[in-house]
Amino acid sequence: MIQTIRGFRDILPEDTALWQAIEKTASKLFEDFGFKEIRIPVIEKTELFARSIGEATDIVEKEMYTFDDRKGDKLTLRPEATASVVRAYIQHSMGASDAVQKLYTIGPMFRRERPQKGRYRQFYQINSEVFGIESPYIDAQLILILNELFKRLGLSELEAHINSLGCKECRPTFQKELLNFLNGKKEHLCENCLRRMDKNPLRTLDCKVPECRAAMADAPSTLNHLCEKCKDHFETVKSVLNEQHVDFIVDKTLVRGLDYYSRTTFEILTTALGAQSAVAGGGRYDALIKELGGPETYGIGFAIGFDRLAEIVAQMLNDAKMRAHNASDAKEFQDKNLYAAEFLKLVSIKTPDIFIIPLGEKATRLAYMWTSALNIAGIRTETDYSGRSLKSLMKRADKLNADFVLIAGDKEIEDNALVLRNMRTKEQYFITAENPVEQLETFLNRV
Ligand code: AMP
């Protein structure tokens, strides 16, 4: 039997309801904040990612799915969305109509990482990118949006970490000081850090190897080297977040794994899946658009890890269901998670409104016709073409958890009296066989 490749997986129907609910909640929130959806290809020229993400990054060095197409062009399955959105922004001169563009996109990304819980080789991200705004208000707003989205999804145990990496004015001085520091610590640094010291010294700050961490404990921080403009920018981000009651922690080790970031970077961390891991991350990339051949334009964005988010929300829902057995806990859950109730409605499993049980050939044809008409009218209706007995079809209706069953045997059709049974109250009604669709529509709107 042929199976999925390592690190790839199917998202099955039992989970897609939750994925769709998250997607709906996110796009509604983005649209309310003035973002518009953009859809971009999953394959791009390799050069796009090599130039934007940076040659000396994990992604470009070892994680990209890159191949030659039949004409020998080097192509890559996108490992992230920002580079492609920037390419689209430049290619379509999107800034010409309005300098400010607020975009979001949802889709799969591909990185050849070591698969483990919460980490896949095809994973999904919810991305948002804003072009044309230098103001720190937008930095704060993106973090506010993440905060609001996670609140609507009922999430807790989150920590927003923020940092500022400075700009092309102040970063060189900092890098020089960092290099001096690193040179004095060479014997304690891992191979990766040593190799990257010259190309990408900032990455040594977030190395996860314990010896490196210890060696870097008193490393210089970008925050002590910000120029006046970057300092003011970061101060405003923080004060606005404080005023809007968005909690955050200033984390000087937060440099993020991609080269293009400047000024504000941020990550939302959670312990919900065991060890602390990031569920979203982002930051400013003011130099990237020019770097990729576009006009000098400010840029900032974030990526939410959809797979991890879905796992956390699923866990949260399970907890809620368990707690719902205890009425006071359930109330507490709802009080605390103002939006969870709204979201719960979105995730609730859709069961049939009506299950039509046809008995006989003529009835089966009619049942098909009525079912189609009811489906078109927006009433979730199922039927069965197998010709099985009333008893076994009642069982199927029960399993599908249908609200109503319509029993339509050839005889009932002839007698012009179909039986409509409320599966919850067991009440029965008769409806005529001439225009059952209209009758059911009126009936269902009434009950
Ligand atoms: P990044 O683009 O690396 O900043 O990632 C943004 C978010 O995407 C992370 O915080 C993760 O939640 C998620 N993510 C990144 N890589 C993977 C992966 N291989 N599998 C699942 N989620 C991922």
Side-chain angles (χ1 to χ4, degrees), residues 4-11 15 19 22 26 40 42 44 48-49 52-54 56-65 76-86 104-129 142-143 145-147 149-150 153 155 157-163 165 200 202-203 206 208 251 253-262 264-285 288 299-315:
T4 47
I5 38 185
R6 195 165 128 81
F8 289 68
R9 61 176 182 148
D10 304 307
I11 316 281
D15 293 322
W19 281 62
I22 294 175
I40 45 185
V42 292
E44 300 266 6
L48 174 68
F49 302 115
S52 57
I53 298 170
T57 56
D58 282 346
I59 297 179
V60 173
E61 274 181 350
K62 47 188 190 207
E63 294 171 359
M64 294 203 306
Y65 282 95
T76 294
L77 285 177
R78 63 178 185 193
E80 56 112 45
T82 304
S84 304
V85 178
V86 170
Y104 74 94
T105 189
I106 302 176
M109 308 296 154
F110 305 85
R111 293 182 198 170
R112 203 175 185 291
E113 293 189 81
R114 203 167 52 80
Q116 60 187 59
K117 190 171 160 47
R119 193 191 288 160
Y120 309 95
R121 290 180 169 177
Q122 173 173 339
F123 59 99
Y124 294 76
Q125 284 187 341
I126 304 173
N127 287 266
S128 93
E129 316 290 345
L142 289 188
I143 298 167
I145 290 175
L146 284 170
N147 198 55
L149 174 63
F150 293 150
L153 299 177
L155 262 60
E157 295 164 51
L158 296 172
E159 254 177 27
H161 286 213
I162 67 169
N163 191 20
L165 301 181
N200 197 353
L202 244 64
R203 288 304 312 281
D206 77 341
K208 301 286 182 285
D251 178 353
T253 69
L254 183 66
V255 298
R256 314 257 309 129
L258 297 83
D259 267 5
Y260 52 59
Y261 288 113
S262 55
T264 319
T265 53
F266 50 91
E267 261 181 13
I268 313 290
L269 304 175
T270 173
T271 48
L273 297 174
Q276 194 174 54
S277 68
V279 68
R284 225 171 226 287
Y285 46 82
L288 180 62
I300 180 167
F302 63 68
I304 302 171
F306 202 153
D307 306 72
R308 283 181 206 173
L309 182 61
E311 275 167 44
I312 298 168
V313 176
Q315 195 172 297

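Whatever order the structure lists ligands and atoms in, that order sets their numbers, starting from 1.
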**OP:** Please could you name the atoms of ligand 1 that E113 approaches to less than 4.0 Å, counting only its heavy atoms?
**Re:** 16 (N), 17 (C), 18 (C), 19 (N)
**OP:** Give the intermediate values and the outcome of side-chain contact (heavy atoms from CB on, under 4.5 Å) for residues D206 and K208.
**Re:** CA-CA 6 Å; D206 77 341; K208 301 286 182 285; 4.2 Å; yes
**OP:** State whether the shortest distance between N or O atoms of D307 and N or O atoms of ligand 1 falls below 3.5 angstrom.
**Re:** no
**OP:** Just need the protein heavy atom nearest to atom 20 (N) of ligand 1, so name the residue and atom and give the distance.
**Re:** Y120 N, 2.9 Å
Original post:
Heavy-atom distance to atom 17 (C) of ligand 1: which of Y261, F123, F110 wins?
Top reply: F123
Original post:
Can you check side-chain contact (heavy atoms from CB on, under 4.5 Å) on R121 and I5, steps first, answer last?
Top reply: CA-CA 9 Å; R121 290 180 169 177; I5 38 185; over 6 Å; no
Original post:
Taking atom types as modelled, is there a side-chain donor on Y65 or E63 under 3.5 Å from an acceptor on the other?
Top reply: no
**OP:** Could you give me the CA-CA distance, side-chain angles and deciding distance for F150 and V279, then say whether side-chain contact (heavy atoms from CB on, under 4.5 Å) is met?
**Re:** CA-CA 10 Å; F150 293 150; V279 68; 3.9 Å; yes
Original post:
Applying a strict 4.0 Å limit to heavy atoms, is R256 in contact with ligand 1?
Top reply: yes
Original post:
For the side-chain hydrogen bond (donor to acceptor under 3.5 Å, both in side chains) test, which of R9, Q125, R119 pairs with D307?
Top reply: R9
Original post:
N/O of A278 under 3.5 Å from N/O of ligand 1, yes or no?
Top reply: yes
Subject >> Protein contact of atom 21 (C) of ligand 1 - nearest heavy atom, named by residue and atom, plus distance >> reply: G118 O, 3.2 Å
**OP:** Give me the ring orientation class for W19 and F306: parallel if the planes are under 30° apart, tilted from 30 to 60°, perpendicular past 60°.
**Re:** parallel
Original post:
Counting heavy atoms only, which part of E267 comes closer than 4.0 Å to ligand 1: side chain, backbone, both or neither?
Top reply: neither
Original post:
Taking side chain as C-beta onward, heavy atoms only, is R112 less than 4.5 Å from K62?
Top reply: no
Original post:
With a 4.5 Å limit on heavy-atom distance, are the side chains of T4 and Q122 in contact?
Top reply: no
Subject >> E80 touching ligand 1 at heavy-atom level, < 4.0 angstrom >> reply: no
Original post:
Mind checking whether P115 has a heavy atom under 4.0 Å from ligand 1?
Top reply: no
Subject >> Protein heavy-atom partner closest to atom 3 (O) of ligand 1 - residue, atom, separation in Å >> reply: R111 NH1, 2.9 Å
Subject >> Nearest non-hydrogen protein atom, atom 13 (C) of ligand 1 >> reply: G305 CA, 3.5 Å
**OP:** Report yes if the side chains of L146 and L158 come closer than 4.5 Å at any heavy-atom pair, otherwise no.
**Re:** no
Subject >> Side chain, backbone, both or neither: A280 near ligand 1, heavy atoms under 4.0 Å >> reply: backbone
Original post:
Of E311, Q125, M109, which has the heavy atom at the shortest distance from atom 6 (C) of ligand 1?
Top reply: Q125
Original post:
Nearest heavy-atom pair of L165 and L254: which atoms, and what distance?
Top reply: CD2-O, 3.8 Å
**OP:** Please indicate whether any nitrogen or oxygen in R119 is less than 3.5 Å from any nitrogen or oxygen in ligand 1.
**Re:** no
